[in-house]
Amino acid sequence: MQSDDTRFMELALAQARQAIEVGETPIGAVLVHEGAVLAAAHNRREIDFDPTAHAEMLVLRAAAQTLGRWRLSGCTLYVTLEPCAMCAGALVLARIDRLVFGAHDPKAGAVESLYRLVDDARLNHRVQVTGGVLAEACGSMLSEFFRAKRSG
């Protein structure tokens, strides 16, 4: 039987594939609440001319509208690439319960700082982090995208 993490990460990968089709960096995200998908998105920075249009930010915004609240406790975010500092901060502020990501981002990934931030005893909120779910598929999609960009 397929785990929920694998199933939802496959949905995030489908979003990443859609990003490739429109010329965006292949990062997809899915936000889940009580086993149901609240929002799914892929990067739209180039399409929207918006440096904040990361997949993670888009699903947080959509889920907040659906739930009618910006605090997203009880939610899990699945994203194909380790979040950057902007997105990691937004996840903590949105009060999601869990982050599941695929590939590590050695250049801009902020999970290490996210771990340090949410482990601070002065905070009243913790984010559980699981990395490496479908890491090979997530990482190879990004590698192929950038290889094609460099050679094109």
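Note that these values count all heavy atoms, side chains included, but never hydrogens, waters or copies made by symmetry.
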>> With side chain to side chain donor-acceptor pair (under 3.5 Å) as the rule and sequence neighbours excluded, what pairs involving residues 142-152 come up?
In response: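 Checked against side chain to side chain donor-acceptor pair (under 3.5 Å) - neighbours excluded - no pair reaches residues 142-152.
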
> According to the side chain to side chain donor-acceptor pair (under 3.5 Å) rule, which pairs have a member within residues 56-68, sequence neighbours left out?
Replying inline: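 Every pair satisfying side chain to side chain donor-acceptor pair (under 3.5 Å) with a residue in residues 56-68: T52-R61.
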
In this structure, would [X] and [Y] fall into the same cluster of hydrophobic residues linked by side-chain contacts under 4.5 Å?
X   : Y   : answer
L58 : L91 : no
L93 : L38 : no
L13 : V37 : yes

> Among all residues two or more places apart in sequence or in another chain, which pass the salt bridge (charged side-chain N to carboxylate O under 4.0 Å, His left out) test with R44?
Replying inline: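 Expected list: D48.
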
Value rounded to 0.5 Å, distance of [atom1] in [X] from [atom2] in [Y]:
X   : Y    : atom1 : atom2 : answer
C87 : L81  : SG    : CG    : 9.5 Å
C84 : K107 : SG    : NZ    : 14.5 Å
T80 : L142 : OG1   : CG    : 6.0 Å

> Does anything in residues 133-152 pair up under ring pair (Phe, Tyr, Trp, His ring centres under 6.0 Å), and if so which pairs, sequence neighbours excluded?
Replying inline: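 For residues 133-152: none.
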
> Which pairs pass ring pair (Phe, Tyr, Trp, His ring centres under 6.0 Å) with one or both residues in residues 39-65, sequence neighbours excluded?
Replying inline: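 Matches after skipping sequence neighbours: none remain.
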
> Hey, does D97 have a side-chain heavy atom less than 4.5 Å from the side chain of C75?
Replying inline: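 A side-chain contact under 4.5 Å is absent here.
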
>> I'd like to check L99 versus T76 (side-chain heavy atoms, cut-off strictly below 4.5 Å). Are they in contact?
In response: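 No, side chains not in contact.
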
>> Test of understanding: with ring pair (Phe, Tyr, Trp, His ring centres under 6.0 Å), list the residues that count as partners of F8, not counting sequence neighbours.
In response: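 Once residues adjacent in sequence are excluded, the partners of F8 under the ring pair (Phe, Tyr, Trp, His ring centres under 6.0 Å) criterion are Y78.
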
> Does R69 have any side chain to side chain contact (heavy atoms under 4.5 Å, CB included) partners at least two apart in sequence or in another chain, and if so, which?
Replying inline: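 Expected list: H33, L67, S73.
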
> Minimum heavy-atom separation for A63 to A39, with atom names?
Replying inline: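 The pair with the smallest heavy-atom distance is N-CB, 4.0 Å.
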
>> Minimum heavy-atom separation for A88 and A110, please, with both atom names.
In response: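 So the minimum-distance heavy-atom pair works out to CB-CB, 4.0 Å.
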
Distance-only donor-acceptor hits, side chain of residues 22-31, under 3.5 Å, sequence neighbours excluded:
from, atom 1, to, atom 2, distance (Å)
E24, OE1, R45, N, 3.4
E24, OE1, E46, N, 3.4
E24, OE2, R45, N, 3.4
E24, OE2, E46, N, 2.8
E24, OE2, I47, N, 2.7

> What residue pairs, at least two apart or across chains, pass salt bridge (charged side-chain N to carboxylate O under 4.0 Å, His left out) with a residue in residues 5-20?
Replying inline: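 Passing the test, one end in residues 5-20: D4-R7, D5-R98.
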
